Amino acid sequence: QVHLVESGGGSVQPGGSLRLSCTASGSFSSIIAMGWHRQAPGKERELVATVNRGGGIEYKDSVKGRFTISRDNALNSVYLQMNSLKPEDTAVYYCNAYIYVARQGSDYWGQGTQVTVSS
């Protein structure tokens with residue numbers, strides 16, 4: 001019923017920029033929060049940034065000042081503008097959303113998009 005589709009990943013040099021997009025589609029009542037996590041090989045998935053329905057934003061400390069998350073509620077979409085990218089940012093980035101389907105709220109995940117930062 002619910003699908004999250006990501007785009008915008010790729011390979012860039014250190015200091016470069018990428019913009020990730022994610023759109024939720026299907027039948028659901030509401031999206032409470034949307035955001036991004038990432039997972040590097042051999043590491044656990046970690047939160048990068050989230051934005052809730054009221055506009056509250058949370059960032060991982062290491063991306064503050066470099067990444068900007070935004071959300072378009074009308075389009076059921078969330079975006080992540082990533083500037084001044086570092087090799088440490090290399091990971092698969094996953095879109096995440098807390099969504100109510102009927103009367104049940106659950107976490108949903110996209111398939112992920114690869115971000116590679118190297119020289």
Side-chain angles (χ1 to χ4, degrees):
Q1 288 283 2
V2 180
H3 301 280
L4 301 179
V5 180
E6 304 122 320
S7 63
S11 297
V12 297
Q13 296 183 2
S17 298
L18 288 171
R19 188 171 191 258
L20 307 183
S21 299
C22 173
T23 299
S25 62
S27 298
F28 47 84
S29 299
S30 62
I31 301 175
I32 304 303
M34 301 188 78
W36 297 90
H37 289 66
R38 67 188 183 188
Q39 187 169 22
K43 298 179 64 177
E44 294 186 354
R45 192 172 298 185
E46 63 181 4
L47 182 147
V48 178
T50 61
V51 55
N52 65 28
R53 193 175 184 179
I57 294 173
E58 180 181 352
Y59 291 104
K60 176 179 171 64
D61 285 344
S62 64
V63 309
K64 290 180 179 177
R66 300 188 298 121
F67 292 9
T68 302
I69 190 170
S70 59
R71 177 178 174 180
D72 189 329
N73 291 333
L75 297 179
N76 298 318
S77 297
V78 65
Y79 312 93
L80 187 68
Q81 179 66 46
M82 304 185 293
N83 298 324
S84 301
L85 283 162
K86 304 176 180 180
E88 306 93 272
D89 297 316
T90 296
V92 177
Y93 283 69
Y94 295 90
C95 180
N96 167 249
Y98 193 81
I99 300 175
Y100 269 81
V101 178
R103 300 174 186 175
Q104 181 65 52
S106 299
D107 269 313
Y108 293 86
W109 295 88
Q111 293 297 309
T113 183
Q114 176 70 231
V115 171
T116 302
V117 185
S118 66
S119 58

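Being a predicted model, the structure only gives us computed values, none of them experimental.
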**Study point:** Pairwise side-chain contact, V115 with V92, heavy-atom cut-off 4.5 Å (strictly under)
**Key:** no
Practice item. Go through the structure and list residues passing salt bridge (Lys or Arg N to Asp or Glu O under 4.0 Å) with E58, not counting sequence neighbours. Key: none
Check your understanding: With side chains defined as the heavy atoms from C-beta onward, is the minimum distance between R45 and Y94 less than 4.5 Å?
Key -> yes
Practice item. Look up atom OG1 in T50 and atom CZ in R71, then write down how far apart they are to the nearest 0.5 Å. Key: 10.0 Å
Practice item. With sequence neighbours excluded, tell me which residues meet side-chain contact (heavy atoms from CB on, under 4.5 Å) with D72. Key: A74, L75, Y79
Check your understanding: Is any side-chain heavy atom of V78 closer than 4.5 Å to a side-chain heavy atom of I69?
Key -> yes
Review point. When clusters are formed by joining ILVMFWY residues with side-chain heavy atoms under 4.5 Å apart, either directly or through shared neighbours, do L80 and I57 land in the same one?
Key: yes
Check your understanding: Looking at residues at least two apart in the chain, or sitting in another chain, which of them share a side-chain hydrogen bond (donor to acceptor under 3.5 Å, both in side chains) with K43?
Key -> none
Check your understanding: Who passes salt bridge (Lys or Arg N to Asp or Glu O under 4.0 Å) against R38, sequence neighbours left out?
Key -> E46, D89
Practice item. Identify the two heavy atoms, one from A91 and one from A40, that lie closest to each other, and give their separation to 0.1 Å. Key: CB-N, 3.9 Å
Exercise for review: Mind jotting down which residue pairs meet the disulfide bond (SG atoms under 2.5 Å apart) criterion with at least one end in residues 61-110? Sequence neighbours excluded, please.
Suggested key: C22-C95
Check your understanding: Excluding sequence neighbours, so at least two apart, what forms side-chain contact (heavy atoms from CB on, under 4.5 Å) with S29?
Key -> Y100
Practice item. Report yes if the side chains of T23 and V5 come closer than 4.5 Å at any heavy-atom pair, otherwise no. Key: no
Point to revise | Transitive ILVMFWY side-chain link V2 to I31, under 4.5 Å | key: yes
Study note, to complete from the structure: Hits for salt bridge (Lys or Arg N to Asp or Glu O under 4.0 Å) against R53, two or more places apart or cross-chain, chain-then-number order -> none
Review point. Heavy atoms, side chains only, cut-off 4.5 Å: are L20 and M82 in contact?
Key: yes
Review point. Going from NE2 on H37 to NZ on K60, what distance comes out if it is rounded to the nearest 0.5 angstrom?
Key: 11.0 Å
For residues 10-17, dump all side-chain donor-acceptor pairs below 3.5 Å to protein atoms at least two apart in sequence or in another chain.
residue	atom	partner	partner atom	Å
S17	OG	N83	OD1	2.8

Check your understanding: CG/L4 to OG/S25 distance, rounded to the nearest 0.5 angstrom?
Key -> 7.5 Å
**Study point:** Partners passing side-chain contact (heavy atoms from CB on, under 4.5 Å) against A33 (at least two apart in sequence or in another chain)
**Key:** N52
Check your understanding: Is there a side-chain contact between Q1 and F28, using heavy atoms and a 4.5 Å cut-off?
Key -> no
Review point. Under the ring pair (Phe, Tyr, Trp, His ring centres under 6.0 Å) rule, what pairs show up with a residue in residues 38-71, not counting sequence neighbours?
Key: none
Only pairs under 3.5 Å count here: list side-chain donor-acceptor contacts from residues 101-114, not counting sequence neighbours, and write none if there are none.
residue	atom	partner	partner atom	Å
D107	OD1	N96	ND2	3.3
T113	OG1	G9	N	3.2
Q114	OE1	T116	OG1	3.4

Exercise for review: For K86, check salt bridge (Lys or Arg N to Asp or Glu O under 4.0 Å) against everything at least two apart and list the hits.
Suggested key: none
